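Note that the structure is predicted; figures quoted are calculated from it, not measured. Quick note on labels: first sequence line is chain A, next is B, and so on, each numbered from 1.
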2 protein chains.
Amino acid sequence: MSKKEEIILEACRALQEGGVNGFSFRDLADTVGVKSSSVHYYFKNKNDLFIAVLEAFTEEFTQNLQSILDESSSLQDVIDGIIDQFIEIAQEQKFCVCGMLAIDQKHLSEEMISRVNETFCALRKWLSEVIAQYPQEKFSNEELSSIFISALEGALMMDRLSKTTESLESLRSFMHRLV
Amino acid sequence: MSKKEEIILEACRALQEGGVNGFSFRDLADTVGVKSSSVHYYFKNKNDLFIAVLEAFTEEFTQNLQSILDESSSLQDVIDGIIDQFIEIAQEQKFCVCGMLAIDQKHLSEEMISRVNETFCALRKWLSEVIAQYPQEKFSNEELSSIFISALEGALMMDRLSKTTESLESLRSFMHRLV
DNA sequence: GTCTATAACCTGATAGAC
DNA sequence: GTCTATCAGGTTATAGAC
């Protein structure tokens, strides 16, 4: 792994744990084992760094979703796979990358805000298309997708805080009975 | 309003907009029209300040919930009232006080984390008791309460980002058909 | 209670040597 | 590419005058 990739990976972890203002270039450099000026060599400021983090995260997250889809034979399997992944994030005391950036939007550029928003939209679209593959009639695909993602983010936030899996498990059983 | 109350109110607003690390004692003092040392006179550090903010917010939020309940004649009315309140927060480019503190938990004391967690638990309990007053059979009160609060927090996060009310309105119509 | 002044430190960012 | 050195500015926090 290149130094640049190492920095991106570590920045991603730090972002998920402490938010946009929760770490400095120095912290980041120390963990990776370089000096802060070396981090500046790759990323001229935090905004550029977060653009790289978001891109790397989106790619990895998309791959994970595809793996879940490949291994699933029902909509409930997909839901389980996604919830398992969120439980893992909560237990690592992390939060969603997009969620962190969304919460800390006040400290980000307009371009960055648009990118995060687009990532959420893409996720909603992906999920509603997956739901469409497993027909059910009670609710529209878009609506189910939207509610599921909203609840995932909120449940992750609260389970990380309470150090339990209550909210995410509650969401799991709820979704199971719904679809 | 006393200077202390002014500081708490302004700290609450700053927290909801920019998070725990999104403002300084100086920013706060400037807005209120005093010097930062005067803020330190009332609150020896940010943690103490947030304890006061959480207490003030909880009291106000509880009153708002009670008002919603008093003016409601159905569970759908209660849901509408709560969602309207969250839409207002999103449109002001704010986030939930407890949500912000939960996200930024890494920078808070253990005592503070416990208090935020207790506030979420109290909200879940309150809501499940309200739901119990309007009997319905599909889901348990606790489960509905948990999912609704999770989805509220997540939808608020995304609607604040997208500057729309899509997720919260989606949640509204979803809940209407559910209860 | 509110102020000035200041200590001690952290921050992003850059210039220039190697 | 990575470093040392450094800057200008922001941060919490406190001592002491009024």
Hey, is the main chain of [Y] close enough, under 3.5 Å, to the side chain of [X] for a donor-acceptor pair?
{"X": "B/D104", "Y": "B/V20", "result": "yes"}
{"X": "B/S162", "Y": "B/M158", "result": "yes"}
{"X": "A/S146", "Y": "A/E142", "result": "no"}

Atom-to-atom span, [atom1] of [X] to [atom2] of [N] - whole angstrom:
{"X": "A/N47", "N": "C/dA13", "atom1": "CG", "atom2": "C1'", "result": "15 Å"}
{"X": "A/L49", "N": "C/dG12", "atom1": "CG", "atom2": "P", "result": "10 Å"}
{"X": "A/L108", "N": "C/dG12", "atom1": "CG", "atom2": "C1'", "result": "15 Å"}
{"X": "A/H40", "N": "C/dT11", "atom1": "NE2", "atom2": "P", "result": "11 Å"}
{"X": "A/N45", "N": "C/dT11", "atom1": "CG", "atom2": "C1'", "result": "14 Å"}
{"X": "B/R26", "N": "C/dC10", "atom1": "CZ", "atom2": "C1'", "result": "13 Å"}

Does a donor on one side chain sit under 3.5 Å from an acceptor on the other, for A/D80 and A/Q76?
no

Using a distance-only test with no angle check, is there a side-chain donor-acceptor pair under 3.5 angstrom linking B/D70 and B/S67?
no

Ignoring hydrogens and geometry beyond distance, is the side chain of B/S37 in donor-acceptor contact with the base of C/dT4 at under 3.5 Å?
yes

For A/Y41, which contact category applies under a 4.0 Å heavy-atom criterion: base, sugar-phosphate, or nothing?
base

Report which part of the nucleic acid A/S24 touches: base, sugar-phosphate, or nothing (heavy-atom distance under 4.0 Å, all strands).
sugar-phosphate

Chain A reaches DNA chain D, atoms under 4.0 Å from its heavy atoms, from D/dG1 to D/dT6

Are A/K46 and A/F23 in a cation-pi setup, meaning NZ or CZ lies under 6.0 angstrom from the ring centre and within 45 degrees of the ring axis?
yes

